Peer 1: 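Structure provided below as structure tokens; questions to follow.
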Amino acid sequence: MKLLPFAALGAVLVCASQLSAQTPQTWAIAVHGGAGVIERKSMTAEMESEYRVGIRMAINAGGAVLARGGSALDAIEAVIQILEDDPNFNAGRGAVFTADGRNELDAAIMDGATLKAGAVAGVTRTRHPISLARAVMEKSPHVFLAGTGADAFSKQAGLEQVDPSYFFTERRWQSLIKQLSKEGLPFPKRPAGVHSDPRTPVAEVESPDVHKYGTVGVVALDRNGNLAAGTSTGGTQAKRWGRIGDSPIIGAGTYASNASCAVSATGTGEYFIRLTVARTVCALVEYKGLTLQQAADEVIHKQLDALHGDGGLIAIDPMGHIAWSFNTPGMFRAQLRAGGKLSIAIYNDEP
Ligand code: ASP
């Protein structure tokens with residue numbers, strides 16, 4: 001008789017543990033849309049609201065994937081595809097131009113569960129470079145493809161192809177012309193097949209600084225406890241000589257491991273490459289026991305500052321903690337989690 005309550009308690013405990021094993025874990029996601037000299041004084045109310053709407057739409061799409069039990073990788077691809085289609089961001093359509101007037105796109109994706117990764121650099125014909133990075137990861141024996149070879153693989157993998165003029169936007173073009181004239185460099189010919197966009201008269205092109213930025217990145221934790229990270233960019237405006245930034249370099253602009261964290265960075269890529277920023281953040285968490293926020297701040301506010309580099313990052317860990325850190329006046333950013341409220345911010349005085 002005395003044993004019965006214990007037996008009953010045991011049964012309840014067994015049920016509870018089975019329940020918790022079956023209870024879906026939490027999910028969380030963070031998105032950035034680039035960091036830089038993004039200030040209230042150089043932003044009209046319309047522009048600001050366009051950026052906020054774009055980020056909201058994108059992160060909500062990622063949240064929906066995670067809420068229904070989809071993978072972190074699927075969420076990342078869904079979010080980045082939307083931002084690659086949004087001409088306000090420096091990824092896919094709306095990418096910045098090289099000094100010779102081309103759009104050369106870089107992207108990477110990494111799966112924290114398997115440490116598999118895929119990346120592309122300097123691609124010119126794939127509508128969604130993030131999907132090409134994923135195809136490299138899943139359908140090729142390689143991790144990193146560049147230039148014409150990456151374009152050829154894209155076609156072979158059946159990804160949507162577009163004419164390079166698809167990526168053209170008038171305001172990025174005008175921003176390039178301003179920068180080239182400041183630097184005394186020759187102007188390239190307007191790309192073939194491109195006409196003036198009557199919706200964006202040159203006079204309305206705002207501060208060129210804002211238009212140098214807008215790389216996009218996502219980090220996510222799915223209900224199976226897996227982390228992933230992805231980044232997509234046109235790189236830095238007026239880049240030359242086949243320059244490749246940090247975004248597609250695994251460990252620099254993009255990294256994910258279930259053992260520590262997932263990171264996507266943005267900023268002047270040269271510094272992020274030299275500091276292997278994304279991997280360093282995760283190493284500080286994994287080996288030094290720093291919290292995610294401490295690790296992010298250590299890399300951005302100590303190591304990056306020390307090199308006089310500029311930019312920021314978003315990060316997530318297996319518990320669903322999200323951190324962001326940047327040393328620029330602004331970084332477009334948002335976070336969302338199971339049962340939580342969406343938060344979107346731009347300037348450095350916002351939480
Ligand atoms: N990190 C990117 C690059 O250097 C640019 C950016 O994030 O703004 O290519």
Side-chain angles (χ1 to χ4, degrees), residues 30-39 42 51 55 80 83-84 86 88-92 94-99 102-110 119-124 129-130 133 144 146-147 150 167 171-172 175-176 179 207-219 229-255 263-281 296 299-300 303-304 307-315 324-333 346:
V31 174
H32 74 72
V37 187
I38 301 161
E39 294 171 310
S42 56
Y51 280 112
I55 290 207
I80 293 186
L83 295 171
E84 285 174 340
D86 185 332
N88 284 322
F89 294 94
N90 174 19
V96 298
F97 287 92
T98 64
R102 289 156 53 85
N103 299 114
E104 295 180 356
L105 311 168
D106 302 341
I109 194 162
M110 184 158 184
V120 290
V123 298
T124 59
I130 192 66
F144 198 175
F167 300 109
R171 61 181 209 160
R172 294 287 191 197
S175 180
L176 171 74
Q179 181 168 339
S207 156
D209 273 344
V210 173
H211 299 298
K212 282 161 54 176
Y213 308 116
T215 290
V216 303
V218 186
V219 293
T231 313
S232 181
T233 187
T236 48
Q237 178 167 281
K239 63 187 181 182
R240 291 195 274 174
W241 308 303
R243 179 264 188 195
I244 296 168
D246 60 312
S247 311
I249 297 180
I250 299 305
T254 307
Y255 189 75
V263 175
S264 171
T266 173
T268 304
E270 282 67 14
Y271 299 99
F272 287 72
I273 295 171
R274 290 157 63 198
L275 291 169
T276 56
V277 161
R279 176 65 183 131
T280 299
V281 170
V299 174
I300 296 300
Q303 302 184 10
L304 186 64
L307 293 190
H308 306 291
D310 60 314
L313 60 85
I314 53 171
W324 49 50
S325 189
F326 54 101
N327 66 0
T328 49
M331 180 169 84
F332 298 107
R333 58 201 189 275
I346 300 177

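Keep in mind the model is a prediction, meaning the values are calculated, not measured. Counting convention: from 1, in listed order, for ligands and their atoms alike.
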Peer 1: Indicate the atoms forming the closest heavy-atom contact of Thr266 with Gly34, along with that distance.
Peer 2: OG1-CA, 3.4 Å
Peer 1: Using the benzene-type ring in the case of Trp, are the ring centres of Phe89 and Tyr51 under 6.0 Å apart?
Peer 2: yes
Peer 1: Considering heavy atoms of the protein only, find what lies nearest to atom 9 (O) of ligand 1 and give residue, atom and distance to 0.1 Å.
Peer 2: Arg243 NH1, 2.8 Å
Peer 1: Ligand 1 versus Ser247, non-hydrogen atoms closer than 4.0 Å: side chain, backbone, both, neither?
Peer 2: side chain
Peer 1: Which atoms of ligand 1 have any heavy atom of Asp246 under 4.0 Å away?
Peer 2: 1 (N), 2 (C), 3 (C), 4 (O)
Peer 1: Which ligand 1 atoms does Thr266 reach within 4.0 Å, using its non-hydrogen atoms?
Peer 2: 6 (C), 7 (O), 8 (O)
Peer 1: Quick one: does Gly245 get an N or O within less than 3.5 Å of an N or O on ligand 1?
Peer 2: no
Peer 1: Can a salt bridge be assigned to the pair Arg243 and Glu104 using a cut-off of 4.0 Å between side-chain N and carboxylate O?
Peer 2: no
Peer 1: How far is atom 8 (O) of ligand 1 from its nearest protein heavy atom, and which residue and atom is that?
Peer 2: Thr215 OG1, 3.3 Å
Peer 1: Any chance you could measure Asp106, atom CG, to Ser232, atom OG, to the nearest 0.5 Å?
Peer 2: 8.0 Å
Peer 1: Testing the basics here: between Ala30 and Ile314, what is the closest heavy-atom pair and its distance to 0.1 Å?
Peer 2: O-CD1, 3.4 Å
Peer 1: From Asn90 CG over to Leu83 CG, what is the distance, rounded to the nearest 0.5 angstrom?
Peer 2: 11.5 Å
Peer 1: Looking only at protein heavy atoms, which one is nearest to atom 2 (C) of ligand 1, and how far off is it?
Peer 2: Gly267 O, 3.3 Å
Peer 1: Between Tyr213 and ligand 1, is there a nitrogen or oxygen pair with a distance under 3.5 Å?
Peer 2: no
